[in-house]
Amino acid sequence: MSRPVRVRIAPSPTGDPHVGTAYIALFNYVFAKKMGGKFVLRIEDTDQTRARSDSEQMIFDALRWCGLSWDEGPDVGGPYAPYRQSERSQHYRDAAGTLLEKGEGYRCFCTEDRLAKLRLQQQAEKTTLGYDRHCRTIAPAEAASRAAAGESHVVRLKVPVSGPIEFTDKLRGTITRDAKEIDDQVLLKSDGMPTYHLANVVDDHLMEITHVIRAEEWISSTQKHVLLYRAFGWEAPEFIHMPLLRNTDKSKISKRKHPVSINYYRDIGILPHAFLNFLGLMGWSFGGDREKFTLAEMIDVFSWDRMSLGGPVFDLDKLTWLNEQYIHDLSYEQLADALISWRLNREYLVKLLPLVRERIKKLDEVIPATEYFFSGDLDLTPVLPEMTVPEVAPAAVGKALLDYVERFEARDGFDKTMLEEVARQWTEALGWKTKHAFMLLRLATTGRKASPPLFDTMAVLGKEITRRRLRSAAAVLAKAK
RNA sequence: GGCCCCAUAGUCUAGCGGUUAGGACGUCGGCCUCUCACGCCGAAAACAAGGGUUCAAGUCCCUUUGGGGUCACCA
């Protein structure tokens, strides 16, 4: 393959900027730079039910904070624009039309209800799961007229009934699955939007992506993508599936068990270089016992044969140690700058001073009064005895805290109005007295019985710190007796 | 459960047929020191199991076990 190297990171704007996105972005970036190629950022926002309005910008900001930049993307443009899938609908509709014409795809009119029943039945009979190809035999002309009459439908891929489908993964060699294990994947949803499978193949082809570097979780659907390239008559890119970052229990890293937002690491005072360096240690090694290295050095020596494939556990202790090394290397001037760009700045002070001005009599009181605004994790031991709700077991109190987190996670943004609204609904659902519920939140988020107004405080602390403190409190309570 | 991926200390990893299995985090001990931290020195700690192949296996092959992923009109 002599085409110029083009790789992409394709995050979905469905929540907070994910550490896995940074991880995969890093390796895409490094490989692109190593090969003198281009690194593209493409937003995969085809799921309108899950899309969050503030998510896309947070992804840009978070990746830039890491020190990664892209040659083409929604915000910087480029020769293959647009880079937002929601703005590329016509491409996917055209592609689906092509498949229909070629007889490689077909319209499916099955209702969600029918599919749900089918799934239940298959579970009961313990037969292989998957679509039963009910609509595959409808004559194309009939299907076309039903569609023209406005009947709701999707477009599915006509997967071969059997036969081995294989592809080569650069890190793992040939991976084979039999077509009979693969069901007829939905390509175009009834709302006219493509699924990931269609969109990524169409876009990777149109954007002339040469190497698809993505997480291991995609391995099992790669055969579908190969089938799609084949159906279109397009050359498939090379596939490189990275290992998955893991929780301490080895499962795929997840927000219930581990901080996954890049912003969390930023907010607790991890330096971007340390963060990127640490991600570079996950599954990859520099060689020669070297653990501390810059992005430029990583690019310089980069090679895929230094990858190991066991899923690496994201170890906060080691990240913290590495961060310490970076901090100690900083000059005092640089450290001052780092602190200022972190939280010791006018912007943050202006945010929190409205909460403390009435509470101080002399300037010297501001630091002690706001200490928890500048901390990551708190030591809750001193206030643990206070963290009770009458008639409720500590473990249940902890669970309730988790429930509150779930509730605000489900909402856009992170402002005091939303936080209070959610808290009041939550309190009511629990049947607790407001003063007990709110004191609990106060103790968990500030470690103190007295604080500025709770929801203002949470808003200033930010989502990451707030979430982490509430989860930590829940964990402590779960262990309490 | 079917299919697929993976497998060196608690964790991140080096190793690419012949090593006393190396480094790092963490843990423990000591030194340094006005305290703490840093730093330095040291210790415990690993090739999942069983079969092959080979003069020789952590390294190659097979099986088992274990872990993970995936089975959506989510990505």
Side-chain angles (χ1 to χ4, degrees), chain A residues 10-15 18 20-21 42-51 85 108-112 114-116 118-119 122-123 125-131 152-156 165-167 169 171-200 214-224 241-253 278-292 305-325 327-328:
Chain A
S12 179
T14 51
H18 200 276
T21 303
R42 183 173 72 216
I43 294 292
E44 309 236 338
D45 55 350
T46 57
D47 184 353
Q48 45 205 61
T49 58
R50 293 208 312 162
Q85 290 188 329
C108 168
F109 301 91
C110 291
T111 60
E112 280 189 52
R114 180 179 181 277
L115 295 176
L118 178 67
R119 212 166 291 136
Q122 286 174 336
Q123 268 163 17
E125 294 172 6
K126 292 192 174 177
T127 50
T128 315
L129 268 53
Y131 180 59
S152 177
H153 67 281
V154 302
V155 174
R156 286 181 186 272
I165 315 288
E166 58 182 39
F167 72 94
D169 180 279
L171 301 175
R172 300 154 209 268
T174 304
I175 298 178
T176 310
R177 267 183 93 193
D178 198 280
K180 66 170 179 274
E181 308 287 345
I182 305 168
D183 71 346
D184 288 355
Q185 180 62 47
V186 171
L187 301 176
L188 210 59
K189 304 183 246 183
S190 55
D191 64 2
M193 289 294 246
T195 57
Y196 170 83
H197 306 287
L198 208 223
N200 104 81
R214 66 193 354 167
E216 187 183 357
E217 56 187 332
W218 293 106
I219 287 179
S220 58
S221 43
T222 303
Q223 269 83 4
K224 291 172 183 174
H241 289 96
M242 299 287 293
L244 246 18
L245 260 22
R246 309 298 180 98
N247 297 312
T248 315
D249 66 4
K250 291 276 188 183
S251 56
K252 173 166 93 169
I253 199 165
F278 178 72
L279 291 178
L281 252 19
M282 301 278 88
W284 189 79
S285 58
F286 191 92
D289 290 339
R290 185 84 181 276
E291 296 205 288
K292 186 162 172 285
D305 55 25
R306 297 214 63 84
M307 283 298 301
S308 62
L309 301 176
V313 171
F314 192 111
D315 182 4
L316 274 164
D317 283 338
K318 182 133 182 184
L319 170 60
T320 304
W321 167 79
L322 193 57
N323 198 60
E324 178 187 23
Q325 306 308 306
I327 284 183
H328 293 180

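We use all heavy atoms of the structure for the numbers below, so side chains are in, but hydrogens, waters and symmetry mates are not. Just so it is clear: chains get the letters A, B, ... in the order the sequence lines come, proteins before strands, and each one is counted from 1. Since the structure is predicted, the reported quantities are computational estimates derived from the model, not experimental observations.
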Without decimals, in angstroms, what is the distance between [X] [atom1] and [N] [atom2]?
X         : N       : atom1 : atom2 : answer
Ile327(A) : rA37(B) : CD1   : P     : 17 Å
Trp218(A) : rA72(B) : CH2   : P     : 13 Å
Arg290(A) : rG22(B) : CZ    : C1'   : 17 Å
His18(A)  : rC74(B) : NE2   : P     : 20 Å
Arg50(A)  : rA72(B) : CZ    : C1'   : 11 Å
His241(A) : rU70(B) : NE2   : P     : 12 Å
Trp321(A) : rA24(B) : CH2   : C1'   : 6 Å
Phe109(A) : rC73(B) : CZ    : P     : 16 Å

Roughly how many Å apart are [M] and [N], using the [atom1] atom of each and rounding to a whole number?
N       : M       : atom1 : result
rU27(B) : rC12(B) : C1'   : 16 Å
rG22(B) : rA14(B) : C1'   : 6 Å
rA43(B) : rA24(B) : P     : 12 Å
rG58(B) : rC16(B) : P     : 13 Å
rC40(B) : rU33(B) : C1'   : 13 Å
rG1(B)  : rC61(B) : C1'   : 28 Å
rC28(B) : rC62(B) : C1'   : 42 Å
rG42(B) : rC6(B)  : C1'   : 36 Å

Contact under 4.0 Å: [X] side-chain N or O vs [N] OP1/OP2:
X         : N       : value
Arg156(A) : rA72(B) : no
Lys189(A) : rA75(B) : yes
Arg246(A) : rG68(B) : no
Arg306(A) : rC12(B) : no

Reckon [X] touches a base, only the sugar-phosphate, or nothing at all at heavy-atom distances under 4.0 Å?
X         : value
Glu291(A) : base
Arg214(A) : nothing
Val154(A) : base
Gly288(A) : nothing
Gln223(A) : nothing
Met193(A) : nothing
Pro194(A) : sugar-phosphate
Thr46(A)  : sugar-phosphate

Within the distance-only criterion (no hydrogens, no angle test), does the side chain of [X] pair as donor or acceptor with the backbone N or O of [Y] below 3.5 angstrom?
X         : Y         : value
Gln122(A) : Gly130(A) : yes
Arg177(A) : Ala179(A) : no
Arg306(A) : Trp284(A) : no
Arg156(A) : Cys108(A) : no
Thr176(A) : Glu166(A) : no
Asp169(A) : His241(A) : yes
Gln223(A) : Ile175(A) : yes

Listed nucleotide nearest any side-chain atom of [X], set [options]:
X         : options                   : result
Pro312(A) : rC12(B), rC73(B), rA75(B) : rC12(B)
Asp47(A)  : rC73(B), rA75(B), rC38(B) : rA75(B)
Asp317(A) : rC73(B), rG26(B), rC12(B) : rG26(B)

Practice problem: Report the residue (Pro11(A) or Asp315(A)) whose heavy-atom-nearest nucleotide on RNA chain B is the more 5′ of the two. | Solution: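 Result: Asp315(A).
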
Strictly by Watson-Crick or wobble contacts shorter than 3.5 Å, is anything paired with [N], and which nucleotide is it?
N       : result
rC60(B) : rG52(B)
rA44(B) : none
rU70(B) : rG2(B)
rU19(B) : none
rU35(B) : none
rA24(B) : rU11(B)

Quiz prompt | Base-contact (B) and sugar-phosphate-only (S) positions in nucleotides 27-33 of chain B, heavy-atom cut-off under 4.0 Å, - elsewhere | solution = -------

Self-check item: Residues that Phe286(A) engages under ring pair (Phe, Tyr, Trp, His ring centres under 6.0 Å), provided they are two or more places apart
Solution: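 Testing Phe286(A) for ring pair (Phe, Tyr, Trp, His ring centres under 6.0 Å), a comparison that skips the adjacent residues, returns Phe293(A).
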
Using a 3.5 Å cut-off and no angle test, enumerate the donor-acceptor pairs between side-chain atoms of residues 187-194 of chain A and protein atoms at least two apart in sequence or in another chain.
residue, atom, partner, partner atom, Å
Lys189(A), NZ, Thr46(A), O, 3.1
Asp191(A), OD1, Met193(A), N, 2.8

Self-check item: Salt bridge flag under 4.0 Å for residues Asp315(A) and Lys318(A)
Solution: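 Salt bridge absent between Asp315(A) and Lys318(A).
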
Practice problem: List for me each residue that meets side-chain contact (heavy atoms from CB on, under 4.5 Å) alongside Thr320(A), sequence neighbours excluded, and say none if there are none. | Solution: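 Counting only residues at least two positions away or on another chain, Thr320(A) forms no side-chain contact (heavy atoms from CB on, under 4.5 Å).
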
Exercise. Could you tell me which residues satisfy side-chain contact (heavy atoms from CB on, under 4.5 Å) with Ser221(A), sequence neighbours excluded, listed by chain and number?
Key: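 By the side-chain contact (heavy atoms from CB on, under 4.5 Å) rule, Ser221(A) matches His197(A), Trp218(A), Lys224(A), His225(A).
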
Self-check item: CD-CG distance between Glu216(A) and Leu171(A), expressed to the nearest 0.5 angstrom
Solution: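 These two atoms lie 10.0 Å from each other.
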
Restricting both atoms to N or O, compile the protein contacts to nucleotides 2-7 of chain B shorter than 3.5 Å, with distance only.
residue, atom, partner, partner atom, Å
rG2(B), O2', Glu181(A), OE1, 3.4
rC3(B), O2', Arg177(A), NE, 3.4
rC5(B), O2', Arg172(A), NH1, 2.4
rC5(B), O2', Glu216(A), OE2, 3.1

